[in-house]
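One structure coming up, written as structure tokens, with questions to follow.
The residues of the chain are indexed from 1 along the displayed sequence.
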Amino acid sequence: MNFKNTLYLSFSIIILISSCAKKNTGVSSDGKASTLDVRNLDYTYLSTKGKLEFDSPQKDLKVAIDTRIEKDKRMWMSMRVAKIEGLRVLATKDSVFALDKLGKEAYTLSYDDVAILLGSKIDYDLLQSIFTGDMPSRIADNAKVRVEEDMFSLTQKNKMLTLLALVGRSNQKLEEIIVNFKKDDKLAVVDYTDFKVLSEESDQIAPHKTNVFIGSGESKEELKKEITVAIDFSKIEIKQEQQKMPFKIPSKYKIIDRSELERRTMR
């Protein structure tokens with residue numbers, strides 16, 4: 001498993017979710033919410049298990065992925081192929097550490113360093129959101145909200161992209177994001193589906209399937225798919241106690257820092 005490809009994949013998904021916000025509107029409708037009030041998960045500790053599939057003309061990848069999250073503080077990930085762990089990641093508010101176990105390399109990166117790989121600024125908040133289905137806490141004051149038949153639609157535009165986020169009026173959960181990247185003439189669609197109650201004791205719901213489509217085109221209907229990502233969560237659990245997040249860099253691993261990252265990127 002190549003760390004750069006895997007990290008690029010993980011953060012590319014996250015970037016698509018980067019600027020949606022909570023807004024209110026006073027339009028009423030019988031049986032459906034008239035006020036946007038996104039229902040993010042209420043938790044301190046969260047764990048997930050699932051499978052991730054990545055398809056592109058250059059590479060196909062299928063991994064099992066486990067995550068452990070301490071809300072708004074740190075996140076641990078383990079990715080496996082055929083029960084063999086290939087990548088382990090520990091993300092904190094200001095740093096990302098990763099072990100490429102097959103390549104015997106260790107990455108110690110700031111989020112600015114990660115941006116070298118991605119060409120776009122990201123942060124911990126965005127990373128966390130992809131595994132919870134929650135709306136990122138960053139507030140976009142210029143997002144325009146409209147009430148539609150079944151959805152609240154939030155639209156945001158800037159020099160780099162046009163973003164449309166859809167929140168269900170019946171469940172107040174983020175259900176779809178469509179992003180048009182103006183500079184690269186690319187379109188990305190993120191769909192959240194298969195909403196389930198987390199447990200019999202809880203009324204909280206979360207999406208258990210996330211599908212990402214990236215390609216060219218001006219609209220979802222015209223999208224010519226180049227990259228497809230499917231994340232299928234078999235388990236999402238709220239934990240009552242802090243979870244172990246084992247992470248230690250072996251002495252024989254090569255350390256990859258910012259200078260080495262820049263050198264590889266320039267190849």
Problem set entry | SB check K49 D66 (cutoff 4.0 Å) | yes
Exercise. Are the side chains of T228 and N211 in touch, meaning some heavy atoms are under 4.5 Å apart?
Worked result: no
Exercise. So, for I214 and A188, which heavy atoms are closest and what is the spacing to 0.1 Å?
Worked result: CG1-CB, 4.1 Å
For this session: Look up atom CD1 in I69 and atom CG in L127, then write down how far apart they are to the nearest 0.5 Å.
Result: 8.0 Å
Exercise. So, for P207 and F233, which heavy atoms are closest and what is the spacing to 0.1 Å?
Worked result: O-CD1, 4.0 Å
For this session: Starting from the C-alpha separation in whole Å, work towards a yes-or-no answer on side-chain contact (heavy atoms from CB on, under 4.5 Å) for V96 and Y111.
Result: CA-CA 7 Å; V96 177; Y111 285 97; 3.6 Å; yes
Problem set entry | Distance in Å, Y192 OH paired with H208 NE2, rounded so as to fall on 0.5 Å steps | 14.5 Å
Exercise. Does a side-chain heavy-atom distance below 4.5 Å link E260 with K254?
Worked result: yes
Exercise. Can you check whether I205's main-chain N or O pairs, donor with acceptor, with K173's side chain at less than 3.5 Å?
Worked result: yes
Exercise. Taking the side chain as C-beta and beyond, is there a heavy-atom pair between V81 and L102 under 4.5 Å?
Worked result: no
For this session: Compare every heavy atom of F247 with every heavy atom of L90, then report the nearest pair and how far apart it is.
Result: CB-CD1, 3.9 Å
For this session: With rounding to the nearest 0.5 Å, note down the distance linking OG in S219 to CG in L164.
Result: 11.5 Å
For this session: For a side chain to side chain contact (heavy atoms under 4.5 Å, CB included) with R74, tell me which candidate from K93, M245, Q128, R68 qualifies.
Result: M245
For this session: To the nearest 0.5 Å, tell me how far T108 OG1 sits from F97 CZ.
Result: 7.0 Å
Exercise. Roughly how far apart are D134 CG and K71 NZ, rounded to 0.5 Å?
Worked result: 6.5 Å
For this session: Please determine if E149 and K32 form a salt bridge, counting it only when a charged side-chain N lies under 4.0 Å from a carboxylate O.
Result: yes
Seminar exercise, completed: Distance col, row R88:CZ vs I249:CD1, nearest 0.5 angstrom, shows 12.0 Å
For this session: Determine, for D60 against K62, whether the closest basic-nitrogen to carboxylate-oxygen distance falls under 4.0 angstrom.
Result: no
Problem set entry | Test item: K220 and F213 side chains (from C-beta on) under 4.5 Å apart, heavy atoms | no
For this session: Examine the side chains of T193 and D191 and answer whether a donor and an acceptor come within less than 3.5 Å of each other.
Result: no
Exercise. Where the side chain of Q156 meets the backbone of L163, is there a donor-acceptor pair that is under 3.5 Å apart?
Worked result: no
Problem set entry | Validation row: D150, R169 side chains within 4.5 angstrom (heavy atoms) | no
Problem set entry | Cluster overlap Y45 with L198, hydrophobic side-chain contacts below 4.5 Å | no
For this session: Carefully, step by step, assess R258 and D112 under the rule side-chain contact (heavy atoms from CB on, under 4.5 Å).
Result: CA-CA 9 Å; R258 184 186 182 95; D112 286 338; 4.1 Å; yes
Seminar exercise, completed: Tightest non-hydrogen contact, residues G133 and L174, listed as O-CB, 4.1 Å
I'd like a table of donor-acceptor pairs (distance under 3.5 Å, sequence neighbours excluded) in which one partner is a side-chain atom from residues 235-244, with atom names and distances.
residue	atom	partner	partner atom	Å
E237	OE1	K239	NZ	3.1
Q243	NE2	L46	O	3.0

Problem set entry | Electrostatic pair K51:E53 at N-O distance under 4.0 angstrom | no
Problem set entry | Non-hydrogen atoms of N171 and R39 that approach each other most closely | O-CD, 3.8 Å
Exercise. So which heavy atom on I65 is nearest to which on M77, and how close?
Worked result: CD1-SD, 4.4 Å
Exercise. Run the side-chain contact (heavy atoms from CB on, under 4.5 Å) check on F152 and L166 step by step: do they pass?
Worked result: CA-CA 6 Å; F152 295 104; L166 299 178; over 6 Å; no
Exercise. If you count the non-hydrogen atoms of other residues, nucleotides and ligands that lie under 6.0 Å from NZ in K209, is the total more than 12?
Worked result: no
Problem set entry | Contact check, side chains of L154 and V167, non-hydrogen atoms, under 4.5 Å | yes
For this session: With side-chain hydrogen bond (donor to acceptor under 3.5 Å, both in side chains) as the test, would you mind laying out the steps for S259 and D257 before giving the verdict?
Result: CA-CA 6 Å; S259 59; D257 56 13; 2.9 Å; yes
